[in-house]
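Remarks on the structure that follows.
By convention in this document, chain letters (A, B, ...) are assigned in the order of the sequence lines, proteins followed by strands, and residues within each chain are numbered from 1.
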Amino acid sequence: MSKKRKLEAQAGDQVKVGNKTISLEGYLSKKPRKEQATSNNTSGVPNSDQALQTQAPPALQSEAKDEQKSDKNQDTTKPAGDPQFLPIRQALPLWTHQDEIRRILRQHDVLLLVGETGSGKSTQVPQFLYQEKWCQRRRVKVQTNGVTEQVNVGGVIAITQPRRVAATTLAHRVSREAGTSLNGQRGGSDAKGAVVKGLVGYSVRFDHRVPPGTKIKFVTEGMLLQELLRDPHLRQYSAIIVDEIHERSVDVDLLSGFLKQIVSGDKAGRGGIPLKVVIMSATANVESIKHFFSNPDTNTASSSSTREENPTDGIQFLQVEGRQFPVDVIHAPKPIPDIQEALLKTVFKLHTEEPLTDKHGRRDILAFLTGQEEIETAQRLIEEYAATLGPKLPKINVMPLFGQLSMEAQYEAFQPVKGAFTRKIVLATNIAETSVTVPGVRYVIDCGKAKVKQFRPRLGMESLLAKPISQSSAIQRTGRAGREGPGKSYRLYTEETFQGLKKTDLPEILRTDVLGAVLTMKARGIEDVLAFPLMDPPEVESVGKSLLHLHLLGALADDGSITDMGRKMVMFPVTAPYARVLLAATDPKHDCLLEVIDIISCITAGDDIFLQVQSEEIKEEVEVYRKELFRREGDLLTYLTAMQHYAAENTDRAQWCKSRKINMRNMKQALNIRKQIRGLCVREGMMEPAPTDPQPFSPASPDEAAVILKCFLKGFALKTAMLAPDSSYVTSHGKHVVAIHPSSMLHGQKKEAIMFLEHVYTQKNYAKKVSAIQASWIAEALEH
DNA sequence: GAGCACTGC
């Protein structure tokens, strides 16, 4: 029947340190902890699956040379912090490596640390390091434009996170462990009971808590990139810890480039004081990262004359195993033509043959599918099957889980099933691979595909299509079965197919428009963006397209240097075209900045603020309320009306959202963004402080609406289409046929010309966020 | 008539 392979690796039975292997038998017998409440990190390649991969080459296993026999003399650390957390911290796989980590960083500047989920790296590494001598703030002389000045360098460790929640929850956790308060109050106490001041802080968008005395600061990647704009040498910091680098966001890729430049440069901007860099990954697939930080020759910004004075001693490497139960991987014996059928059969087999519970708890099923439609079909089929089950078999409770579901519906998937004699079957998209952890899962069914968004630079549009996943992703999915007890993972594809999958997913920078990345580099002083060190450089053509686009937007001058307008644009937390729209709205002949801010806030707050309505009945009900928001000019003016009504609503905003089926969470986020952008505009002298809410609602006149749309054309002149004689829309740039997406209020309508902010290929070429415009406006917008 | 997942001074 199906091919079975028992995986050998056990739950964290040994740790590789340098070229040694240390047994961890001491606490192996303990039940692995559940997902740490502190760590939002749910990603990471499970240990059990590593046996699937070929043994890492010796070079990868250790470069931590200089191993000493004993480091006791240097060990300055009586463990600091709140003693009540000490036993928990001591049980973490990372705890026994703290001397090792300290020793490496005393002698070297760059360390790559691989530690799987649950190893404790995010919480412990900063605590191991902040008392180090090299971490103290120093007063040094630096030369700025020929003038010598005294500046402070160092004193703080930054830890970057891809997501805000991760940064804030980790900061809370570490602050508690350290026995200090995030508020900077003198509430905490150290081991001796003495009062200590703030030690841990965080800084994320909309939320900053950096108490006096902060030595450990959790930040989002975007935040540190933004700090780089003001402080190119990161003088505030002694060390930067880059966490979750395996997620390979565009921000972390850019950050890595800047860090590489600082580390391998001449350090003159830091008064000769080195910046320590710890790169942390939850997956062992780190060859490209190692290679990137080991080779100074790709670095172009630091002059070659200084290189011999500052030899880079390469990157040090340390791997700490996580803890994970073994998972059996079962591949399909031959290629499967019908995934839905195979899914149903696997569910049937598991449900009838496998016990409902064991000593580790529930034994629920998690299936990874590609999207909402597939999930809903599968749900229907499984429920039909479940209705035929005899009374002796457990009942089945199918829970769909995808991003478009309401928060309450998503929450349901995480709850234990209600009936006692019932098995939960969660049908999820990729949301369950990295973003959330579903408890109780012991069986994983993996369809082997996922929908991915990919930017097509040549067409200036993106596509969203189901594609085969990577091996790393398959391993990740498998690992979801082994978090609470031994599990099984059924892959609905053959082992040959698995071997043929690419090792890792394409990093985001190769999948998205690099427009923002290029502007980021330009604004931070990178003249030749093609020479900037990146782990995975995008195609030259993509970069070229972005340079042209930025030039068209007025962010770059004819010679490619950044303009004053470009410098203003990078300060806004929106993409370059939106920033251009903001600047256009400031122009006295337009003068509609507040309105444009409202619209952009709504759009960038997340998914569509208008929730999808399933049933026809409710739809009719909702339409009655929504009618007053709709504008015939299209989606943008409709967003504006929605925001203005919401801001004017004085009594019950929750009820207001509910009756109109508007996403309250996004609406709140939109208000946050609106406040932030307004603040930036005031700071930049683009407007006077706006009157506070609630303001009475006054609709934009048709003339005002036209002016607003003309502002948007300044950023989106290329994203326009004209109505053709055959009633289709043909893009003015590229002459492609586009259809108005059903989510747009202009769907099915015929207008002379349209402007659209998004252009996505799924079933066909779709234009989203659409507005009706006049054809003459397009040429007008392209004039300078 | 249709919707992978994240995210930013």
Every protein N/O within reach of nucleotides 6-8 of chain B N/O, cut-off under 3.5 Å:
residue: B:dG8; atom: OP1; partner: A:Arg164; partner atom: NE; Å: 2.9

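Residue A:Leu225 is out of contact with every strand shown, counting any heavy-atom pair closer than 4.0 Å. No engagement by A:Ile673 is indicated, since no non-hydrogen atom pair under 4.0 Å with the nucleic acid exists. Nucleic acid contact for A:Lys675: none, since no nucleic acid atom lies under 4.0 Å from a heavy atom of the residue.
Rounded to whole Å, atom C1' of B:dG3 lies 16 Å from atom CZ of A:Phe610. Atoms CD (A:Glu374) and C1' (B:dA2) sit 16 Å apart, rounded to a whole Å. Rounded to whole Å, the distance from OH on A:Tyr766 to P on B:dG3 is 6 Å. As rounded to whole Å, 7 Å separates atom P of B:dC4 from atom CD of A:Gln372. The interatomic distance linking A:Lys451 (NZ) with B:dA5 (C1') rounds to 12 Å, in whole Å. Summarising the geometry, the separation between CG on A:Asp505 and C1' on B:dC4 is reported as 12 Å, rounded to the nearest angstrom.
Counting only heavy atoms from C-beta on, A:Gln612 has its side chain closest to B:dG3 among B:dA5, B:dG1, B:dG3.
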Expected list for residues 513-523 of chain A: side-chain donor-acceptor pairs under 3.5 angstrom, two or more places apart:
residue: A:Asp513; atom: OD1; partner: A:Leu515; partner atom: N; Å: 3.2
residue: A:Thr520; atom: OG1; partner: A:Gly516; partner atom: O; Å: 2.8
residue: A:Lys522; atom: NZ; partner: A:Glu527; partner atom: O; Å: 2.9
residue: A:Lys522; atom: NZ; partner: A:Gly560; partner atom: O; Å: 2.8

In a table with atom names and distances, give each donor-acceptor pair under 3.5 Å that connects a side chain of residues 758-767 of chain A to protein atoms at least two apart or in another chain.
residue: A:Glu758; atom: OE2; partner: A:Lys769; partner atom: NZ; Å: 2.9
residue: A:Asn765; atom: ND2; partner: A:Val737; partner atom: O; Å: 3.2

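One finds no side-chain N or O of A:Ser743 lying less than 4.0 angstrom from the OP1 or OP2 phosphate oxygen of B:dG3. Taking side-chain N and O atoms only, A:His741 has a distance below 4.0 Å to OP1 or OP2 of B:dG3.
Annotation: A:Glu373, atom CD; neighbour count of heavy atoms from other residues, nucleotides and ligands within 6.0 Å does not exceed 12.
Residues that satisfy the ring pair (Phe, Tyr, Trp, His ring centres under 6.0 Å) test with A:Tyr237, not counting sequence neighbours, are absent from this structure.
For the salt bridge (Lys or Arg N to Asp or Glu O under 4.0 Å) condition, the pairs that include at least one residue of residues 226-235 of chain A, sequence neighbours left out, are A:Lys217-A:Glu227. Sorted by first and then second residue, the salt bridge (Lys or Arg N to Asp or Glu O under 4.0 Å) pairs involving residues 562-579 of chain A (not counting sequence neighbours) form an empty list.
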